Structures are given as structure tokens and as C-alpha cells.
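Below is one structure; the comments refer to it alone.
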Amino acid sequence: MAETTGFDFAKNIRHALGDQQLRKNFKFAMGSMIQKRRLIFADEAEFEQLRAIGSAIRTRALAKLPELLARLEARCTQNGIQVHWAETTAEANATVLEIMQRHGATRMVKGKSMVSEEMHLNHFLETRGIEVTETDLGEFIIQLAGETPSHIIVPAIHKNKAQIARLFQEKIPDTPYTEKVEELNAIARRTLRRKFFDGQVGLSGVNMAVAETGTLCLVENEGNGRMCTTVPPVHIAVMGLEKVVEKLSDVPPLLRLLTGSATGQLISTYFNMITSPRRPGEKDGPREVHLVILDNGRSRILTDPQFRQTLQCIRCGTCLNHCPVYTRIGGHAFGHVYPGPIGEILTPQMVGLREAGVLATASSLCCACEAVCPVKIPIPGLIRELRNASYTATPTGRVPGEGFKRNLPETLAWKAWEKVNRTPALNAVVTRLAGLMGDKAPRLGPLKLWSRYRTPPQVARRSLHAMTRAQGVDDE
Amino acid sequence: MRIYPPKPETVYFFGTCLVDMVYPDAGMAAIRLLQREGLRVVYPQAQSCCGQPAFNSGFPDEARAVARKQLHLFPKDYPIVVPSGSCAGMMHRHYPALFAGDPDLALAEEFAGRVFELTEFLVHVLKIRLEDRGAPVTVTWHSSCHALREMGVIQDSKSLIRQLRNVTLLELENEHECCGFGGTFAVKQPEISAAMVADKAADIRNTGAGTVLGGDCGCLMNISGALQHQQVPITGQHIAQFIWERTNG
């Protein structure tokens, strides 16, 4: 992972902040997502109780992950689901391709899957002559636009009605311009219906895989997931290896937390539980079901007791909705598959600090993400850990690229800060000098950046130390 | 829910580095408020900063060194009152983790347990009653993130403002959203920070209030700096100073 992708965060940020339409779209959409969630989790005490359960389920699953994955494989195999392991995204792609080739398949219909985004599966298959059709409405829209998702749950959230109307008119033959939502839906439905019938392989993600029963759970709202997993003769499910839970009884609380957090729903319109391919005597369902379990750095993340908490994530996306940074720059600016707060902690661990460590700077540590996380991931704390790792290598090497940011000027600046704040006499002198300089202080470095958008603070001529002494406030 | 101690005779005051340098009047007002309630206030002169700037910026060793200095300056069992949700959050919530595995851990935990944000201390420990002597005025209130999410004291701060009978409190539309300060975030990501504070300033302007109150000087410095830069005549003030000026004399 040493190579970099030319990711330029600063440039992306400037571009995103300069796009007034984008900012308007996000502000509007995120506001409504926050409202919906608030209504579902209106009772704060109940939410705290529920997410304590959710967090415990995920923590327990991660604590015995190897055992649960072995059990999941055994149960799935018993049920007739073929299990494949992939250490890298390249291996996962090769596995999917091999299954397709074995069936002479050239057409795939896809339900929404972030792991397939992680694999860059569409690009991989398309360059090998396979037609891939995204069937989730949002994914369908961005596939037409040749873009990547800007949100984990609502991938086309950065686009408004008018932009989608123009896109449909341009890209779908014989389509008139319309901003009516029902008509836009009908156009997508008509286009996709044909694809479902023609699809030879259906691919889906997995929201939870139950080790106890070998059940793959799939949450969705459009029915496209059910079509992808039941209409084509072959179904391939791809999952990150952390998505396993121990027991069937672990599913209801997590499902409640997931739909409530993601879309503000008590339950999604569809909830699919897939336990086997078509059985003898059954009239529908795929003849083959494959499960591809992807590592892609997860097992390394699992070994660190603190960073492991990143893997508790159930991909609800609510941290994105509540993040003041994400809301202003959108998902694409993050330059990688997972944006927002969860992306700030997951991406640097997956692709290394050298490539993506800068993402850890994109947080004011306001803790809004932590306050809403349905499985209590301490995101701000992990952002801090990544900032520490950016400057200092540890003997155990917790994250690839540790210490990449170490530099003398910053190190010296913080050493000086430490010295001043540990030495009362020195602190007094510095405070006094700053006070005397007043607004004549040279606007260099941090003060220059600060002053671009704000009047600089006025350092008082008399500090609180001096005032309390003058007023006779006791020293001890 | 935190369990609060009975009213003590003496408290320590930890002023914070920003109050010390930029908002000393707010610190002095907080001390006066505590003294008026009959408390002896002790301000250890060797105090400096809670360590948060380095703690949040990837330099935990430097943060710990500065924090350790503070740990040894407040030796008696008096409560430690802090006029900032963020610095109080650092000391109350993060010191134990910062000193994990350190010989000073027990001291850090004991210290953390004695740290109180100013307004929660006024409300829950002192059960303060305020008599407003000021002219009618309309203000708005900025909830700082750490006062809200780490210390959980926003209702306490606002209840103090509501005790002032001539003060009308108009709430912000996005009261719970960060102002974009975030310490070094404001200079590490200046454009995002500027976009955030611009929205906060607009929200404040839309209330029509002439003053924005807050309990954290970092946010106030950011917000008033942006308002001034835009030449908007709205002043930012620390809640302690606002209360002291309206209830004194």
C-alpha cells in the first residue's frame, strides 16, 4: 500500500466549499436525515439502553471473531452456501470473476454494497467485458453519472431533483425531462426491470451474517436487493469479515439501531434473511449462493484493542449526517470509499497514514458522531489516536505509515509550548509580552491562517494571574 | 448523572490559558460570583493550561507533561472550578486516560473527580439564586460542543440565563452544531473551519440578538472574531461576566 493515489485533500476541500449547489444539497438533505432519526430515537434513555446492547453485541462478536467466522463458514456450507475467503480486494474480485466465468455470465445486477465499492468491483468487471448494473436507485443514478457514492447509505445525496432529471434525460434513451419524483422513479423502475430479468448473476452486500444459523441478513427499502438475490440463477454476497454476529437473537437490536440511525425508520421496507440456495421442490430462488468474505486489512485492525473498535461499525452512516465537516464538504472530498467520521478513522487504517492520514485532521472533535453512534464507537478518541500515530511510530506498528508526519518545526513548537506551560516564570513573561504587543503582533503562521476569516484575539494587557494577585485572591 | 457534593467552604479556581490571556475579566467575574456565595477561592499562581491543545494535536507526551504540572498544584480536597466546558472536559473526562499506566494515574483520577464546570457548580453545588439588576436585553446562546457532549452542562448554563428576569434568551436554529473552532482544527483546516463559523455567525445574526453568550472562550474568540471580521455589531461574552455585570451593584 506504499503507492499513493494522488489524493489531494486540500484541493478537494476548496473545490467542495466553492460549489454552492453542493453545499445547499447537503445542508438540506442532512437536516432532514437528522430530523427523522431524532423522531425515531426521541426517548434518550431508551436509545442509551438500546445502543449499550448494540455495542455489547458488536464487542462480543469481535472478541471471538475467528471462532465465529469458522462457525459461519461451517453453517453456511451445511446450508449449501459456498464460502470463499479473500485476503485482498484483488482476491475478492478474482473470486467473483471466476464464478461468473464458470457460468459463462456477462451480465450482473447489483444491490447496494460498500464492500464492492471497496473492491472497485464495477471497474474490475467492466474492463473484463462484463456489464454491471447498479439497481439501488441512488447507486443507479451515480453509475449513470460515472461517479462514486458520496454517502454510505444515500449514495446520490449530493444531487438534487433537477440534476437527476437532466442526467436521466441525457443518459437514458427516449427520456423526457421531468422533476416529478414519481416519474423519475418510474423511469428507473422501467429501465431496471429489464435488467433484473436479463441478469445472470446477482450481487449483494451483507448487513449481518449470523454464525449460529449461517444466515445472511440484508436490509433495503426498494426491493431491488430481493430481486438481485432471488431472480438471477446465481447470487454472490460480499461482506467484510467483521460483519458476523454470534446469534440470531443478536439481529433484532442491531436491526432496530441500524434502520433508526440510517434512515429514521423503525424497520426497513425489506429485510431479507438468506439461509440457502433454492431447495429441492422450491419454485424460485438462486441455484447457487456464494459468500465472499473479505479481509482487506481488517484482521490487522482487529489486533489492536483500541483501533479494533472501528470494526464495531454497522455502516448506518448517521455519523456522516451529524458531522459538521462532512455536511459542508460532502463525501467525494474525502477521496476514498468511506467518507465522514467513520472514514476518518477507517480509511487511514486500511490504506495507511501516508495516503490518508490527513483525513484525521478533518475533525473539530465536536463529538457529535460519538453522541449518535448506535454501537458507541469512540470516534473522536480514535481520531486522536491516529493523530498521535501520525507523528510517532510505536514498537508494535499499530497503523501502516506511523510517524509519517514527524517534522522538526512542529516538534519544536510543541516542546516550546510544553516548556512555557510547565515553567510559571516563563509563562508569565510570554503572557506579558503578548499583552504588550497587543494587536501589533505579527500575523505569521497560525495567526495568519486565523486572521484570514477572523479578527485576531486581543491579548489582555493584564492576565488573570496578574489580576488575581492584584485583587488578593489566595494563592493556596 | 453526576452526584454533587454539598457546598464547600473553599474552592480552587482553574482559570484556563485562554481566559488568562484573552478573557481575564471573565475569569475575575467567575471568581467574584463564587466569592459572593461565601466561598474562599484559591487561585494557584503556578497554573497554566490543561494540556488539551497538544492532546488533540498528536502530541500526548507534551500534553501529559503540562497536565502533570497542574495535577500537583491542587493538592487539597477542594472542588476545582473551571470556567470552560472544554477544559473541564479535558480534566474531568480525559485525564484518567491520559495517565493510563502512569505512576500519577491515581492522582489524575482523584483530580478528575473534583473538576466542575463553572455553571454546573453554580447550579448544583451552590444552588445560586440570581437577582437581575440590568436593563432589558436580548441575547442568544452558543452551546459549546464539550460543555454539551463531554460535561453535559448546557441546561445548567441556560437555566442561569433564565433566572435573569430582564434577559430574553433567543435560541439558535442549529444550537448544537460546532462553531468550527476545535483548537488547532481552526488552523489545520482553515477553510472548513471558516465555513462552519460563517454559518454560525449567520445563525446568530438571524436571531436579532445583540449579544451572543457562551461558556467557552475558544468558541467565543472564534465567533466574535468572525463577527468582527464581517463588521457585524454583535458582541460575544462569557456567561460569567454577563451574570456578574447584571447582578452586581
Side-chain angles (χ1 to χ4, degrees), chain A residues 10 13-14 17 23 324-325 328-329 360-368 370-371 381 384 387-392 405 410-411 414-415 417-418 420-422 424 427 431 434-435 445-446 449-460 462-469 471 473-476, chain B residues 13 15 17 19-25 27-28 31 40-46 48-49 51 53-60 62 65-66 69 97 145-146 149-150 176-178 180-199 221-222 224-226 228-229:
Chain A
I13 289 167
R14 277 195 301 277
L17 290 174
R23 281 186 66 184
V325 172
R328 281 171 183 80
I329 64 174
T361 65
S363 169
S364 64
L365 300 176
C366 78
C367 306
E370 188 178 32
R384 265 190 214 102
R387 289 180 182 178
N388 295 349
S390 298
Y391 291 99
T392 313
K405 216 174 169 181
E410 253 186 302
T411 306
W414 284 113
K415 276 281 166 226
W417 171 87
E418 180 202 317
V420 168
N421 282 288
R422 272 200 307 122
N427 195 20
T431 307
L449 291 169
W450 175 271
S451 311
R452 206 183 287 164
Y453 307 102
R454 306 166 192 84
T455 304
Q458 289 280 329
V459 177
R462 270 175 96 201
S463 67
L464 184 61
H465 279 84
M467 275 188 192
T468 49
R469 273 198 307 275
Q471 302 282 332
V473 178
D474 289 344
D475 179 20
E476 58 179 357
Chain B
F13 192 75
C17 59
V19 166
D20 185 40
M21 291 184 75
V22 185
Y23 295 92
D25 292 333
M28 211 53 233
I31 292 172
R40 185 170 81 95
V41 178
V42 176
Y43 181 90
Q45 284 287 328
S48 57
C49 169
F55 179 66
N56 285 350
S57 303
F59 290 83
E62 288 76 3
V66 168
K69 176 83 187 170
C145 297
H146 295 166
R149 302 192 186 94
E150 290 191 338
H176 294 169
E177 191 177 64
C178 177
F181 175 61
T184 50
F185 169 75
V187 292
K188 296 247 179 185
Q189 289 294 353
E191 271 82 21
I192 304 174
S193 170
M196 287 162 70
V197 75
D199 289 346
M221 191 169 83
N222 182 41
S224 352
Q228 266 180 34
H229 191 76

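Everything quoted here is computed from the prediction, not taken from an experiment. Order of the sequence lines fixes the chain letters, A, B, ..., with proteins taken first and strands second; residue numbering starts at 1 for each chain.
Heavy-atom distances place the side chain of A:Leu17, and not its backbone, under 4.5 Å from chain B. The contact between A:Arg23 and chain B is made entirely by side chain atoms (from C-beta outward), counting heavy-atom distances below 4.5 Å. Of the two parts of A:Thr431, the backbone and the side chain both hold a non-hydrogen atom closer than 4.5 Å to a non-hydrogen atom of chain B. Interface residue A:Asn421: backbone and side-chain heavy atoms are both found under 4.5 Å from chain B. Residue contact with chain B, scored on non-hydrogen atoms closer than 4.5 Å, involves the backbone and the side chain of A:Ala368 alike.
Interatomic distance, CE of B:Met28 versus CD of A:Gln471, reported as 4.5 Å (0.5 Å rounding).
Ion pair B:Glu62/A:Arg422 not flagged as a salt bridge, since none of the NZ, NE, NH1 or NH2 atoms sits closer than 4.0 Å to an Asp/Glu carboxylate oxygen.
Judged purely by atom type and a 3.5 angstrom limit, B:Asp20 uses its side chain to pair as donor or acceptor with the backbone of A:His465.
Contact count against chain B (heavy-atom pairs under 4.5 Å) is highest for A:Arg454 among A:Arg454, A:Lys415, A:Arg462, A:Gln458.
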Using the side chain to side chain donor-acceptor pair (under 3.5 Å) rule, take A:Arg384 and B:Asn56 through it: C-alpha gap first, then chi angles, then the decisive distance, then the call.
-> CA-CA 6 Å; A:Arg384 265 190 214 102; B:Asn56 285 350; 2.6 Å; yes

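Every residue two or more places apart in sequence or in another chain that forms a side chain to side chain donor-acceptor pair (under 3.5 Å) with B:Lys188 is listed here: A:Tyr391, A:Glu410. With sequence neighbours excluded, no residue forms a side chain to side chain donor-acceptor pair (under 3.5 Å) with A:Arg14.
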